[in-house]
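All chains are named by letter (A, B, ...) in the order of the sequence lines, taking the proteins before the strands, and each is independently numbered beginning at 1. When reading the values below, keep in mind they use all heavy atoms of this one structure, side chains included, and skip hydrogens, waters and symmetry mates.
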There are 2 protein chains.
Amino acid sequence: MNTEGTRRDEIINTATKLFKEKGYSAVTMRDLATAMGMKAASLYNHINSKQEILKAIIISLAEEFTQGMDVIKKLDEKAIEKLKMIVALHVDITTRNPYGMASLNNDWMHLEEQLVYYLKLRESYEQDFVEIIKNGIASNEVVNKNPEVIMFSILSTLRSLYLWIPKKEEIDSKVLAENLSDLLINGINK
Amino acid sequence: MNTEGTRRDEIINTATKLFKEKGYSAVTMRDLATAMGMKAASLYNHINSKQEILKAIIISLAEEFTQGMDVIKKLDEKAIEKLKMIVALHVDITTRNPYGMASLNNDWMHLEEQLVYYLKLRESYEQDFVEIIKNGIASNEVVNKNPEVIMFSILSTLRSLYLWIPKKEEIDSKVLAENLSDLLINGINK
DNA sequence: CTTACGGACTAACGCTTGTTAGTTTGAGCT
DNA sequence: AGCTCAAACTAACAAGCGTTAGTCCGTAAG
């Protein structure tokens with residue numbers, strides 16, 4: 001048995017790039033096969049369905065975010081520090097898988113059996129996030145504004161990272177995370 | 001001749017909502033017809049093609065942004081004031097057409113003849129935006145960080161507005177624009 | 001009453017979709 | 001040399017796609 005799943009992983013990686021460019025629904029199995037240099041039917045020696053590919057891309061990423069948040073929320077740190085860690089979490093995951101983040105953001109609604117599970121993960125994540133912001137407001141670290149608005153403002157930027165991280169390959173993750181944290185926390189006003 | 005295009009507009013509005021939920025490629029003409037309470041073939045009494053619907057949704061919105069930016073960039077105002085106006089522009093357009101913004105953000109790549117034109121509009125918009133930020137840095141109003149990073153950070157939030165504006169119908173646009181400006185410009189730090 | 005016509009319908013078209021069945025190829029082991 | 005087996009292939013499927021052609025119906029103007 002050789003390194004288990006290499007060819008399958010190649011297919012999933014190729015699909016991830018195609019899904020980023022055109023979206024899940026617009027990519028056909030024949031498109032994917034062509035990109036892999038094979039015929040569509042041959043894909044089925046390695047995967048069971050198109051749907052399964054989407055699931056493989058999205059669910060593993062969503063679980064990574066959940067695991068990261070589970071660690072952060074339990075720490076004994078100030079709210080602002082926790083927010084910085086969330087930024088770093090997004091930068092880290094997005095840097096390692098920028099294409100997959102496109103599917104996570106744009107094609108989650110095409111999950112079928114896993115849709116409910118995905119939505120549960122997402123809702124929990126956002127609940128934990130907003131809780132950290134509320135604690136920050138209570139401890140006078142964070143400005144007293146609608147916590148949901150604050151979260152969506154930050155989260156929008158973090159969710160869009162996949163669009164411009166591939167263009168800035170020179171920058172290393174740590175520096176980017178620090179710059180971004182500073183921008184989101186302290187604003188752009190001099 | 002009666003108010004010109006009413007039925008056609010109904011079709012486009014219905015399509016806009018469906019496109020938001022599933023994306024352009026996943027919505028079929030039969031889906032759209034069902035939502036309109038008619039048969040797919042009947043749609044073609046009012047529109048020429050599926051493609052044309054997408055174009056009608058996206059191009060008009062993109063041109064609205066361009067027109068707004070053309071006004072703002074020529075004004076004799078401080079950079080920070082111009083940035084506040086850009087925020088207000090996004091809030092205004094998104095409030096009036098939250099569903100269409102989903103297509104603009106996620107389905108622009110499925111434009112065909114109009115793709116090049118759309119990309120030209122978008123690039124000009126971003127160039128004007130980044131220019132305002134550069135002027136703000138030069139005049140010591142804005143923190144001296146990478147202007148592209150600043151722009152993407154702000155623009156990500158503005159582009160995601162369509163996701164949560166429909167949930168907050170109670171808030172009026174002006175208040176929202178002010179809160180958001182304050183958050184993006186001054187940060188969340190107390 | 002007749003005519004015109006917007007706006008719906010049915011039926012069908014050629015093509016593409018995801019997927020299955022069955023077959024062939026070729027490298028590595030004994 | 002013969003066997004195994006992963007991984008490619010060809011051929012085909014039923015279903016669904018966007019779209020066209022031709023028809024029918026009801027309302028409103030002459």
Practice item. Could you list the residues that satisfy salt bridge (charged side-chain N to carboxylate O under 4.0 Å, His left out) with B/E178, not counting sequence neighbours? Key: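 Salt bridge (charged side-chain N to carboxylate O under 4.0 Å, His left out) check on B/E178 returns nothing, list empty.
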Check your understanding: Quick one: side-chain hydrogen bond (donor to acceptor under 3.5 Å, both in side chains) partners of A/E21, sequence neighbours excluded?
Key ->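 Per chain and number, A/E21 pairs via side-chain hydrogen bond (donor to acceptor under 3.5 Å, both in side chains) with no residue.
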Review point. For A/D107, what residues pass the side-chain hydrogen bond (donor to acceptor under 3.5 Å, both in side chains) criterion, not counting sequence neighbours?
Key: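 Once residues adjacent in sequence are excluded, the partners of A/D107 under the side-chain hydrogen bond (donor to acceptor under 3.5 Å, both in side chains) criterion are A/H110.
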Residues of [range] with any non-hydrogen atom less than 4.0 angstrom from an atom of DNA chain C: list those, numerically ordered, please.
range                       : value
residues 42-54 of chain A   : A/Y44, A/S49, A/K50
residues 24-32 of chain B   : B/R30
residues 111-118 of chain A : none

Protein-nucleotide distance ([X], atom [atom1]; [N], atom [atom2]), rounded to Å:
X     : N     : atom1 : atom2 : value
B/K39 : C/dC9 : NZ    : P     : 6 Å
A/M36 : D/dC9 : CE    : P     : 11 Å
B/M38 : C/dG7 : CE    : C1'   : 8 Å

**Study point:** Pairs meeting criterion side-chain hydrogen bond (donor to acceptor under 3.5 Å, both in side chains) with involvement of residues 93-105 of chain A, two or more places apart
**Key:**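 side-chain hydrogen bond (donor to acceptor under 3.5 Å, both in side chains) check on residues 93-105 of chain A returns A/E64-A/R96, A/D92-A/R96.
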Point to revise | Residue pairs passing the side-chain hydrogen bond (donor to acceptor under 3.5 Å, both in side chains) test where at least one lies in residues 70-84 of chain B, sequence neighbours excluded | key: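 Listed once each, the pairs are B/K73-B/D128.
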Review point. How would you list all residue pairs meeting ring-ring contact (aromatic ring centres under 6.0 Å, His included) that involve residues 126-163 of chain A, not counting sequence neighbours?
Key: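 For residues 126-163 of chain A: A/F152-B/W164.
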Check your understanding: Is there a donor-acceptor pair closer than 3.5 Å between any side-chain N or O of A/E141 and the backbone N or O of A/A79?
Key ->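 Side chain of A/E141 to backbone of A/A79: a pair is present.
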Identify every side-chain donor-acceptor pair in residues 142-151 of chain A under 3.5 Å, counting partners at least two apart or on other chains, and give the distances.
from	atom 1	to	atom 2	distance (Å)
A/K145	NZ	B/D182	OD2	3.1
A/N146	OD1	A/E148	N	2.9
A/N146	OD1	A/V149	N	3.4

**Study point:** Residues which pass side-chain contact (heavy atoms from CB on, under 4.5 Å) with B/E52, listed by chain and number, not counting sequence neighbours
**Key:**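 Listed in chain order: B/R8, B/I47, B/N48, B/S49.
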Point to revise | N or O in side chain of A/R8 less than 4.0 angstrom from D/dA7 OP1/OP2 | key: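 No, outside the criterion.
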**Study point:** Pairwise salt bridge (charged side-chain N to carboxylate O under 4.0 Å, His left out) hits with a residue in residues 151-160 of chain B, at least two apart
**Key:**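 Output for this query lists B/E126-B/R159.
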